[in-house]
Student: 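Dumping the structure here so I can ask a few things about it.
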Amino acid sequence: MMENKLLLIDGNSLTYRAFFALPPMTDAQGRNTNAAYGFTMMLLKLLEEEQPTHMLVAFDASSETFRHDVYQEYKGSREKTPSELREQFPIVRDICEALGIQMMELHRYEADDLIGTLAQTMPADRIRIVTGDKDLLQLVTDQVEVLITKRGITDVLCMTEELFAETYGGLKPMQMIDLKGLMGDKSDNIPGVPGIGEKTAIKLISAYGSVEGLYEHVEDLKGKQKEKVIANEELARLSKELATIKLDVPLDVTLDDLQISDVDTQVPYSLFQSLGFKSLTNRFAPVVEEADKEQLNVQTITSLPEGVTDAVLVVEQLREDYMEEDIIGFGIATPDQIYVASPELVNDPAFRAWIESDHQKICLDAKQVAFALRKHDLKLTAFDDLLLAGYLLNLSGGTTLASIAGHYMLMAPNEEAVLGKGAKRLAPTDDLLHPYLAEKARMIELLFPKVKEELKANQQFELYETLERPLSGVLAEMEWTGIRVDVATLQDMQEDLRGRLTDLEQLIYGEVGEEFNINSPKQLGVILFEKLELPAFKKTKTGYSTAADVLEKLRPLHPVIDHIMLYRELQKLQSTYVEGLQKVIKEDGKIHTRFAQTIAQTGRLSSVNPNLQNIPVRIEEGRKIRKAFVPSEAGWSLYAADYSQIELRVMAHMSEDKTLVQAFLDDADIHTQTASSVFGVAPNDVTGNMRRQAKAVNFGIIYGISDYGLSQNLNISRKEAQDFIDRYFELFPQIKLFMDEAIEKARMNGFVETLMNRRRNIPDINSKNFNLRGFAERTAINTPIQGSAADIIKKAMLDVHAALEASPLQARLLLQVHDELIFEAPDEELDALKTLVKQAMEQTVDLSVPLRVDGDAGHSWYETK
DNA sequence: ATGCTCACG
DNA sequence: ACGTACGTGAGCATC
């Protein structure tokens, strides 16, 4: 027999949440719909993920409740529900009804009490409650779990008895009401005992079990606290009563009444249509509407028909690693006809001519398309790139066809349903694949003009058309070229490391007296902090932290720590670099990384499979890895050119801080200069340690400094860190102003911008959550700096590439590592290359401070320093 | 799939 | 009182 699974929904709480979480939306008649939309998304997600058999949405009755009888001011501090929200409750009810879900409200009771009673009495096999209100956590038992909404609306956290105990210092969920009795609840205007907050309340309730228990032992308390507790006994007992959810509301329902009824999809379909919920309309589209899809005029072709000019081009591959993958099909969308084709189309002369013609090809990911076609000796010419354009809108949820479609309330075709995911990904037969390709091409055709228009409205179209789009071609070139890696160098290192690692392993086992997995933080934690009883400073969510900064502090306490740190260092080199890199060397003896252009939130590139932007350099041992990266031809060298202090220069330019700008105009050593100012000594008297600290402060500034962060980094006290920061802002007042303005701008506009109009949305900037807001503020400061630096080097890459094309040089760009470019060139070209690169990189933009580029050539990457 | 740790700018 | 430095990707252990 099937399990009964009951889902109890706090209708008021979720509708409130949705209202405040979502931007305003209206339907065709101008009714507000954002809360109703968010509530519906939540409901559908729950139906899908929880698969309940029974469900009920409870609402507060709008009248006064029994709680007002004992305390007239109950919920007295609440602001009146905005009318934009109030008018959406009837819509929410219509939606529940349309989906066949029972609703309930009862005069003089709140939704909480109805849910509490049902959770207590319904004979379901499993019961889950969904709410945004922590009050309901008191209902958690071994039978009942509470799903509580986290940030956003569709993310939930499942609160179980165990998790509750972990969160609330070992308390039982029922003791939530005792906590509220002492600490009160601002949002419900429950008073509690004045002067007792969450921390103290948890302490007292863990010690005495309950409010009643506390008053039995009130003599044990001391001083002010004792006075406060005694003086407010009435308030505490009243508060507890108010916070207690009633479990015996007289209700006349059976479990059967709550069964989810089968509904005709026609009803929610028309409702969602009238509300303008486009994506939901698609989901409930009745079968007859399938005719709509048929109307997609799809034709299977083996040769490209005459007359195709500008069109959408889909070149489908199974996985994202486009260097290895074969083409599995094509989709081509023109305004009045969609074509689909098998991989053989690549041999069709008409198709080949079209690819290399000036007709515009709108792709989802032009770099992927260009690469796939290049393997068949085709050069993709005249292209647009929806993914790149969408990236610049900085949508939440990453840059995918689905997220761009979602932005315009459209539903992208379901890739997973057709191709599968993970290990089960498989090319389907053409009768399944081709309709998908047709839909995908159609969706791209629909979306591209919308994104283009939005970019224009945002003054971002130029960024797309003159920076990102041409850059994708340069990146494709770099990926295609690849960088030569000398396997023998890596093999020698592997041998050496293998020996040293086994020796270290034995040494460590000997020192601690047993064998264990040194790579397991969990096992290592047990050895260090339980067996050896070393002090544990820091914890992670799951246990002891064994991170490097912790080990560093433990170093003097036990000789094994040194060996563990060395083991970690060598193990990392061995597995990630020495072994890892060998696995991705292709038959041509080269590594071809992929540069991801639509991942980083700041506008930087990222590098995958492998990541060539994090090859070791700081520690000599690791730096040796770079000896394996060599020129691809005899008589050639590598050349690396890097921007000096680009982020600080960008900050000097953007803030127009007089002191900082002058320092760069003077070409001073910026960290020494900062140290000289902050410590008040002549530049010549700056010690190494002073410079090191000033450098940390400079970095901290770029990251959106906090006293805590700086204190951690420099291993000094928070007070000392704060003093540094205060001093810094006194000396560089315009930097402080610049940072405040960045935050203000984020608050006003909801986003920040870089020099080239790249945007990052900062939704949490006005959050009431201290943590989220702090994070948002630091992001608002860091993103314009990091992002503008990314803009600049991207533009420099275009300039360098163009200059190389225009020159007779054979030199070519291989890699970008955020502030440096790596080239290879015949030895005799090196002088010319240095001049060309330095010129292009330094002159690519005109700032109020000069840009400086340093460069070095060598016979391996190791030697370019 | 997720968390921890650590490599880079 | 809160609990953080900004941005990435990869390997390993653990669930």
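Chain A is the first sequence line, chain B the second, and so forth, proteins listed ahead of strands; every chain is numbered from 1. Reckoned from all heavy atoms, side chains included, excluding hydrogens, waters and symmetry mates.
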Student: Side chain of A:Asn782: nearest nucleotide among C:dC6, C:dC12, C:dT4?
Tutor: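 Looking only at heavy atoms from C-beta outward on A:Asn782, the closest nucleotide is C:dC6.
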Student: Please tell me if A:Arg618 has a side-chain N or O lying less than 4.0 Å from either OP1 or OP2 of B:dC8.
Tutor: yes
Student: Touch check for A:Leu710, heavy atoms < 4.0 angstrom, all strands: base, sugar-phosphate only, or nothing?
Tutor: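 It contacts base atoms.
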Student: The side chain of A:Asn614 lies closest to which of these nucleotides: B:dT5, C:dA5, B:dA7?
Tutor: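 Nearest listed nucleotide: B:dA7.
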Student: Describe the nucleic acid contact of A:Phe770 in one word from base, sugar-phosphate, nothing, applying a heavy-atom distance below 4.0 Å.
Tutor: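 It contacts base atoms.
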Student: Whole angstrom is fine here: how far is it from NZ in A:Lys538 over to C1' in B:dC4?
Tutor: 11 Å
Student: Given B:dT5, is OP1 or OP2 found less than 4.0 Å from the side-chain N or O atoms of A:Gln571?
Tutor: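 For A:Gln571, the contact criterion (side-chain N or O under 4.0 Å from OP1 or OP2 of B:dT5) is not met.
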Student: B:dA7 and C:dG3: how far apart are their P atoms, nearest whole angstrom?
Tutor: 28 Å
Student: Counting the atoms with a prime plus P, OP1 and OP2 as sugar-phosphate, which does A:Gln601 contact under 4.0 Å by heavy atoms, base, sugar-phosphate, or nothing?
Tutor: sugar-phosphate
Student: C:dT4 P sits how many Å from A:Arg718 CZ, rounded?
Tutor: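 It works out to 12 Å between those atoms.
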Student: Just compare C:dG7, B:dT5, C:dA10 and give me whichever is closest to any side-chain atom of A:Asn611.
Tutor: C:dA10
Student: Answer yes or no: side-chain N or O of A:Gln786 and base N or O of C:dC6 forming a donor-acceptor pair under 3.5 Å.
Tutor: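 Under the 3.5 Å cut-off, the side chain and the base do form a donor-acceptor pair.
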Student: Please determine, for C:dC2, whether a Watson-Crick or G-U wobble partner exists with both distances under 3.5 Å, and give it or none.
Tutor: none
Student: Counting the atoms with a prime plus P, OP1 and OP2 as sugar-phosphate, which does A:Ile702 contact under 4.0 Å by heavy atoms, base, sugar-phosphate, or nothing?
Tutor: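 The residue A:Ile702 makes no contact with any strand.
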Student: Look at all strands and tell whether A:Gln523 reaches a base, only sugar-phosphate, or nothing, counting heavy atoms closer than 4.0 Å.
Tutor: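 Sugar-phosphate, backbone atoms only, no base.
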Student: Give the ring-plane orientation class for A:Phe629 versus A:Trp861, where under 30° counts as parallel, over 60° as perpendicular and anything between as tilted.
Tutor: perpendicular
Student: Taking the minimum atom-to-atom distance to the side chain of A:Tyr708, which one of B:dA7, C:dA10, C:dT4 wins?
Tutor: C:dT4
Student: What is the distance from CG of A:Leu573 to P of C:dA10, rounded to the nearest Å?
Tutor: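 Interatomic distance, CG of A:Leu573 to P of C:dA10: 17 Å.
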Student: OP1 or OP2 of C:dA10 less than 4.0 angstrom from a side-chain nitrogen or oxygen of A:Thr576, does that happen here?
Tutor: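 For C:dA10, neither OP1 nor OP2 has a side-chain N or O of A:Thr576 closer than 4.0 Å.
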Student: Can you measure A:Leu605 atom CG to C:dT8 atom C1' for me and round it to whole angstrom units?
Tutor: 11 Å
Student: For a quick check of understanding: with a heavy-atom distance under 4.0 Å over all strands, which category does A:Asn609 fall into, base, sugar-phosphate or nothing?
Tutor: sugar-phosphate
Student: Return whichever of A:Gln613 or A:Pro521 has its heavy-atom-nearest nucleotide of DNA chain C closer to the 5' end.
Tutor: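 Of the two residues, A:Gln613 wins.
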Student: Taking the minimum atom-to-atom distance to the side chain of A:Arg568, which one of C:dT14, C:dG3, B:dC6 wins?
Tutor: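 Shortest atom-to-atom distance from the side chain points to B:dC6.
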Student: In whole angstroms, how far is the P atom of C:dC6 from the CG atom of A:Asp764?
Tutor: 13 Å
Student: Indicate whether OP1 or OP2 belonging to C:dT8 is found under 4.0 Å from a side-chain N or O atom of A:Thr602.
Tutor: no
Student: When we call it a touch if two heavy atoms are under 4.0 Å apart, what does A:Thr783 touch: a base, just sugar-phosphate, or nothing?
Tutor: nothing
Student: At under 4.0 Å between heavy atoms, what does A:Gly774 touch on the DNA or RNA strands: base, sugar-phosphate, or nothing?
Tutor: nothing
Student: Quick check for you: among C:dT4, C:dC15, B:dA7, whose closest atom lies nearest to any side-chain atom of A:Pro616?
Tutor: B:dA7
Student: Can you tell me the distance, in whole Å, between the CD atom of A:Glu552 and the P atom of B:dT5?
Tutor: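 Rounded to the whole Å, the gap is 15 Å.
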Student: Is there a side-chain polar atom (N or O) of A:Ser520 under 4.0 Å from OP1 or OP2 of C:dT14?
Tutor: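 Yes, such a contact exists.
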Student: Can you identify which nucleotide, out of B:dC8, C:dC6, C:dG7, has its nearest atom closest to the A:Arg778 side chain?
Tutor: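 Selected nucleotide (nearest to the side chain): C:dC6.
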Student: Can a salt bridge be assigned to the pair A:Asp791 and A:Lys795 using a cut-off of 4.0 Å between side-chain N and carboxylate O?
Tutor: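 Looking at A:Lys795 together with A:Asp791, the answer is no, because their closest N to O distance does not fall below 4.0 Å.
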Student: Using a 4.0 Å heavy-atom cut-off across all strands, classify A:Ala780 as base, sugar-phosphate, or nothing.
Tutor: nothing
Student: Hey, are A:Glu620 and A:Lys624 close enough for a salt bridge, meaning a charged N less than 4.0 Å from a carboxylate O?
Tutor: yes
Student: Could you measure between the two P atoms, the one in B:dG3 and the one in C:dA5, and give it in whole Å?
Tutor: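 So the two P atoms sit 16 Å from each other.
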Student: I'd like to know whether A:Lys736 forms a salt bridge (charged side-chain N to carboxylate O under 4.0 Å, His left out) with A:Asp740, so could you lay out the CA-CA distance, the side-chain angles of the two residues, the decisive distance to 0.1 Å, and finally the verdict.
Tutor: CA-CA 6 Å; A:Lys736 173 74 175 139; A:Asp740 292 342; 3.4 Å; yes
Student: Just verifying a value: how many Å separate A:Leu814 CG and A:Tyr639 OH, rounded to the nearest 0.5 Å?
Tutor: 13.5 Å
Student: With a 4.0 Å cut-off on heavy atoms, is A:Ala790 in touch with a base, just the backbone sugar-phosphate, or nothing at all?
Tutor: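 No contact.
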Student: Mind calculating the distance between CZ (A:Arg626) and C1' (B:dC8) to the nearest angstrom?
Tutor: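 Whole-Å distance recorded here is 8 Å.
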Student: Between C:dT4, B:dG9, C:dG7, which one does the side chain of A:Asn771 approach most closely?
Tutor: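 Between C:dT4, B:dG9, C:dG7, the one nearest the side chain of A:Asn771 would be C:dT4.
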Student: Using a distance-only criterion (donor-acceptor N/O pair, under 3.5 Å, no hydrogens), is the base of C:dG9 paired with the side chain of A:Arg594?
Tutor: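 Under the 3.5 Å cut-off, the side chain and the base do not form any donor-acceptor pair.
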Student: Is the cationic atom of A:Lys865 (NZ for Lys, CZ for Arg) positioned less than 6.0 Å from the six-membered ring centroid of A:Tyr862 and within 45 degrees of its normal?
Tutor: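 Pair A:Lys865/A:Tyr862 counts as cation-pi.
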Student: For A:Thr546 and A:Arg568, run side chain to side chain contact (heavy atoms under 4.5 Å, CB included): C-alpha distance rounded to whole Å, both residues' side-chain angles, the deciding distance at 0.1 Å, then the answer.
Tutor: CA-CA 11 Å; A:Thr546 64; A:Arg568 277 242 177 106; 2.8 Å; yes
Student: To the side chain of A:Ser545, which of B:dA7, B:dT5, C:dA13 is closest?
Tutor: B:dT5
Student: Minimum heavy-atom separation for A:Ile591 to A:Leu612, with atom names?
Tutor: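 Closest pair (atom of A:Ile591, atom of A:Leu612, distance): CG2-CD1, 3.9 Å.
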Student: To the nearest Å, give me how far apart CZ (A:Phe775) and P (C:dA5) are.
Tutor: 9 Å
Student: Any idea which of C:dG9, C:dA5, B:dA7 is nearest the A:Tyr703 side chain?
Tutor: C:dA5
Student: Under 4.0 Å: is that the gap between some side-chain N or O of A:Lys522 and OP1 or OP2 of C:dC15?
Tutor: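 So the side-chain polar atoms of A:Lys522 do come within 4.0 Å of the phosphate oxygens OP1 or OP2 of C:dC15, strictly under.
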